[in-house]
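What you see is a predicted model; the values in this text were computed from it and never measured. Computation of the quantities below employed the complete heavy-atom set of this structure, encompassing side-chain atoms and omitting hydrogens, waters and symmetry-equivalent molecules.
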Amino acid sequence: MKALSDRNRLRIIFALQETEELCACQITELIAVSGATISRHLGVLQRAGLVDSRKEGKWIFYALPPNALYEPLIAWLRSQLLSSEVLTNDREELHKILSFSPEEICRKQRGEDCCPTQNT
C-alpha cells in the first residue's frame, strides 16, 4: 500500500495501464520531475511487485506485470480517480510523448550529446 501512497507513483501506474510499456525517459517526460526522482519511484514500484522492467541496449522499459496480484486494487483506484484532471491531462500528454521516439525525448531532456544520430 505504501508504494501506492505517492501521487506520482499512481500516475506512473496509470500511464503503464495506457500502454504496453514505457521507457524511463518517457515516464520522466510525463511526470516532469528529475530522472533520479523517477528512478526512485520506479524502484519502489518494482520492489512492491507493481512493475517489471527489461533492458534493451541503453534503454530500460517498464511495464505492469501480467496477472498482477494487485490488479483488482489498481482497477479500483483507477475507477475512483478516472475523472481526475491530472489523469485526464496525463492521458493527453502521454499521447503526445508516444509520438516521439525515446531517443528524441532523451535528446530533449539531456541535450544533443545524449543520443547522437548515426550517419548512414
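- Looking at heavy atoms from C-beta onward, W59 lies in side-chain contact with C25 at the 4.5 angstrom threshold.
- Checking side-chain atoms of E104 against main-chain N and O of S101 turns up a donor-acceptor pair under 3.5 Å.
- Summarising the local packing, CZ of R91 is surrounded by more than 12 heavy atoms from other residues, nucleotides or ligands at distances under 6.0 Å.
- Between I60 atom CD1 and K55 atom NZ the span is 5.0 Å, to the nearest 0.5 Å.
- Side-chain contact between L22 and L94: present, with at least one pair of heavy atoms (C-beta onward) separated by less than 4.5 Å.
- Taken from CD in E93 to CG in L87, the straight-line distance is 13.5 Å, to the nearest 0.5 Å.
- Panel note: side chain T28, backbone A24; a donor-acceptor pair is recorded below 3.5 Å.
- D90 places none of its side-chain heavy atoms less than 4.5 Å from the side chain of F14.
- The residues E56 and R54 are annotated as salt-bridged, a charged nitrogen and a carboxylate oxygen being separated by less than 4.0 angstrom.
- Every residue two or more places apart in sequence or in another chain that forms a side chain to side chain contact (heavy atoms under 4.5 Å, CB included) with E85 is listed here: N89.
- Annotation: the span from I27 atom CD1 to I38 atom CD1 amounts to 6.5 Å, rounded to 0.5 Å.
- Atom-to-atom distance recorded for I97:CD1 and E92:CD is 12.0 Å, nearest 0.5 angstrom.
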* Quick one: do V86 and R7 satisfy side-chain contact (heavy atoms from CB on, under 4.5 Å)? Show the steps, please. => CA-CA 10 Å; V86 171; R7 176 181 175 161; 2.5 Å; yes
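- Rounded to the nearest 0.5 Å, atoms CZ (F61) and OG1 (T19) are 10.5 Å apart.
- Under the rule for a side-chain hydrogen bond (donor to acceptor under 3.5 Å, both in side chains), the partners of R9 that lie at least two apart in sequence or sit in another chain are H41.
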Could you go through residues 44-52 and list every donor-acceptor pair under 3.5 Å that involves a side-chain atom there, pairing it with any protein atom two or more places apart or in another chain?
{"from": "Q46", "atom 1": "NE2", "to": "S53", "atom 2": "OG", "distance (Å)": "2.8"}
{"from": "R47", "atom 1": "NH1", "to": "G43", "atom 2": "O", "distance (Å)": "3.3"}

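- By the neighbour-count criterion of 12 heavy atoms within 6.0 Å, atom CZ of F100 is sparsely surrounded, having that number or fewer from other residues, nucleotides or ligands.
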